[in-house]
Every structure is written in C-alpha cells, then in structure tokens.
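Data block below; observations after.
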Amino acid sequence: MKKHNFYAGPSILPDYTVEETAKAIQDFNGLGISLMCVSHRSKDFDAVMNKTVDLFKEVLDIPQGYSVIFLGGGASLQFAMVPMNLLRNKAFYLNTGTWAAKAAKEAKLFGNVDDTTASSKEKNYTYIPKGYTIPTDADYMHITTNNTIYGTELLTDIDSPIPVVADMSSDIFSRPLDVSKYGIIYGGAQKNLSCAGVTFVIVKDDLLGKVDRAIPTMLNYKTHIDKNSMFNTPPVVPIFAAMKTLEWLKQNGGVKQMEKFAIEKSTKLYDEIDRNKLFKGTVEVDSRSRMSVCFVMNEEYKDLEGKFNDFVASKNMVGLKGHRSVGGFRASLYNALPMESVDLLVAAMKEFEKQN
Ligand SMILES: *Cc1c(COP(=O)(O)O)cnc(C)c1O
C-alpha cells in the first residue's frame, strides 16, 4: 500500500524519478551493467552529468557567468565552504532558524559574523525579520530561504548591495528565481530534487579567487567548476536521480507551475488550520512557508496530540510529526506531493474535529 508521504527530508520524489532510477540501477542505458557499477568517466555517465547541469540551468533560467556543480557533504558542508571561499573580513547572516544558526557558527571560524542585526531567535524563529539594513562593508549576506524546521519562508529575491548566498535546500524549484540577484545558491538534494548524497551549488564565477587563505583542494569551488564536478568520483546515482526530477519538472510546467501548485496546496492546508478549532499555526501569517507547514493543537486540546498522530497514521499518512524543537505537526508539501495527499490530510483534520 502506497503511503501519503509528508516527510521533511529525505522526502517524496516524483514516481518518475524513482522508477527511472530503479530501472537504471538494474541496467543503465541497456549497457548490461548497473548505474551503480558504471565508471563515472564513461561516455554514458558523462552525458548524464552534462544533461543534469544543462537541465538545472534551463529549469531555473540561470544566466551566463554562473556555474552549477554537484558535491558531497550535504548542505552542512556548504556552511563551511561558503565562508572559506568568500569571507575576507565580515559576513552578514540572517538568523532565521536552526540551519541559519549552524551556517553562522561555521562562518565564525573564518571571520567576523553579524548574526544579530536580523534575527528572529528571541521569538523562537516564528517570523522572517524585516526592515533591517544590510551592512555594505560585509563580503556577503547569507539567507536560508525556507526554514524547514520552523515553517517560515522568504518568498522574494532580496535586492542587496552585497552578494547574497542562499541555502535553498528545502524550497529550490518551488518558485521562479531571479538568479542574477544571488552570488551562491546551494542545498542538499534530498528535499525537492533527488535522494540524499548530492549537494547542488550554483556559483557566480566572478566571486571566487578573492580570499587569501589556503583552501584545501576538495573544499575549493574552483576545483569542481574546472572539472565539471568530476575532480573526484561524484555521487553517480543521486545525480542520475536529479536528472530525472529535472526532466519531470520540465514536463510538468517547470517552476512557474510548481509555484502555482505550492500556493494551492499550502493555502488549502492553512485555511483548514485557521478554521479548525483544534489546531493553530505556529508562525506569523506573513512569514508562512509553502513547503513546510507547521501547526500544533490549541492549548485546551493538547492531550489529543498523540491521538491525532495515530489517527493520521491509520489513514496511511507518514511523516507528519513536527520537529522536536517546535512539537506538534509539520506537513512538508514538496513539489512531488499530490493534491490528493493534502485533501486527505484536510479531511482527516475535519473528521478528527467532529470526533472530539
Ligand atoms: C535539511 C536542511 C539542511 C541540512 O542538509 P544536509 O544535506 O543534511 O546537510 C540545511 N539547510 C536546510 C534549510 C535544510 O532544510
């Protein structure tokens, strides 16, 4: 029985991605060998790498002057690679949650970091800070566009006098972007693109080569740009799966359509959270995420939480338990999640309200 998958990550991917990758793991391109066992230097895999980069650039409409690379280490390694490659004196970090704070912590190893001017930490990260001034003496500004744990999202591209570096792990490909407003965009693939094991990085080429420190070869963006992500053995299977998701995105109307769909799905769920007497949202309305919808039981119904978890499980829904730092529930509405799953969750909330 197929489940309705609300996991935060790794998480739901298109059936097309899973099926095509499974086929290639059995027999890649009819070569008589598995995708898992093919040389990354083979002609067939080289074509996969090139196509993945090309589709990535096409789907996000990435302008000239930017490179797309695929690395290991997850988004978490980017927390260190970004400052190592860009930070000379000072960096400005928007402190909007656990991931943002982890990124700032790594940057502090390399220079001065301002992560207090724009922070929502004092209110348990329930909103995206506004009205702050971006310091023009900082080398870059770092943002986390979707705060996967707290359920807030920055839905516009920032006009900044300094380069913007964005962790887009959990909302990449969910809306059109003006990539020209960014210096670097990175993310772990395991939320909206592929299985775990690969990290995408979009780098504006002319930002590099300005720091004095020695950078280890594997941690230098330039190494991977120059070798088309093949300096060492890349994560072959996750890159193939990413290519399939990009094909699926293209076939399904691209990021414009994904944005429309994300608005429809999240609006439906937030409307029910706001209407239902049992539940309430956890973040300020104008900071609500379309990808990570966090909600809790109202105070007087708190003891029903476990019961609701069992109730949704009995209806074949998985992954709805909230992150331990917020509690309650979190529905991750990634691109591949069908409307049918949202409808089922909304119906379950209504039914549970009637019963209680
Ligand atoms: C999941 C997540 C991460 C961590 O990604 P890893 O690939 O596990 O290192 C970082 N940032 C955000 C916004 C995330 O959602």
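Every value quoted in this text rests on a predicted model; they were computed, and no experiment measured them. Counting convention: from 1, in listed order, for ligands and their atoms alike. Index from 1, following the sequence.
- Residue-to-ligand polar distances place Thr148 within reach of ligand 1: an N/O pair is separated by less than 3.5 Å.
- Looking at Ser169 against ligand 1, only its side chain comes within 4.0 Å, counting heavy atoms.
- Residue contacts with ligand 1: Gln78 is excluded, as none of its non-hydrogen atoms falls under 4.0 Å.
- Within the 4.0 Å heavy-atom criterion, the part of Thr144 lying near ligand 1 is the side chain and not the backbone.
- Under a 4.5 Å side-chain heavy-atom cut-off, the cluster of Ile, Leu, Val, Met, Phe, Trp and Tyr residues that includes Ile263 has no other member.
- The side-chain hydrogen bond (donor to acceptor under 3.5 Å, both in side chains) test applied to Thr52 returns no partner, not counting sequence neighbours.
- Ring to ring, Tyr334 and Tyr7 are not that close: their centroids are 6.0 angstrom or more apart.
- Atom 11 (N) of ligand 1 has as its closest protein heavy atom Asp167 OD2, 2.6 Å.
- Rounding to the nearest 0.5 angstrom, the gap separating the CD1 atom in Ile128 from the OG1 atom in Thr145 is 9.0 Å.
- The shortest contact between atom 9 (O) of ligand 1 and any protein heavy atom is with Ser76 OG, 2.6 Å.
- On a distance-only criterion, Ala75 and ligand 1 share at least one N/O pair closer than 3.5 Å.
- In this structure, Thr96 and Tyr127 have side chains that are not in contact, with every pair of non-hydrogen atoms separated by 4.5 Å or more.
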Practice task
Could you give me the CA-CA distance, side-chain angles and deciding distance for Phe45 and His40, then say whether ring-ring contact (aromatic ring centres under 6.0 Å, His included) is met?
Solution key: CA-CA 6 Å; Phe45 185 73; His40 63 294; 7.4 Å; no
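- Distances below 4.0 Å separate heavy atoms of Ser170 from the following atoms of ligand 1: 15 (O).
- A heavy-atom separation below 4.0 Å is not found between Lys102 and ligand 1.
- Between Phe308 and Phe329, the distance from one ring center to the other falls under 6.0 angstrom.
- Counting protein heavy atoms only, atom 14 (C) of ligand 1 is closest to Lys191 NZ, 2.9 Å.
- The distance from ligand 1 to the heavy atoms of Gly74 drops below 4.0 Å at these ligand atoms: 7 (O), 9 (O).
- Each of the atoms 5 (O), 6 (P), 7 (O), 8 (O) of ligand 1 lies under 4.0 Å from some heavy atom of Gln190.
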Handout entry: Residue pair Met349, Leu269: steps toward the side chain to side chain contact (heavy atoms under 4.5 Å, CB included) verdict
Key = CA-CA 10 Å; Met349 290 164 78; Leu269 184 52; 3.8 Å; yes
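- Every atom of ligand 1 is numbered from 1 in the order shown, and the set under 4.0 Å from a heavy atom of Asn146 is 13 (C).
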Practice task
Using the side chain to side chain contact (heavy atoms under 4.5 Å, CB included) rule, take Lys280 and Val296 through it: C-alpha gap first, then chi angles, then the decisive distance, then the call.
Solution key: CA-CA 6 Å; Lys280 65 171 183 205; Val296 293; 3.8 Å; yes
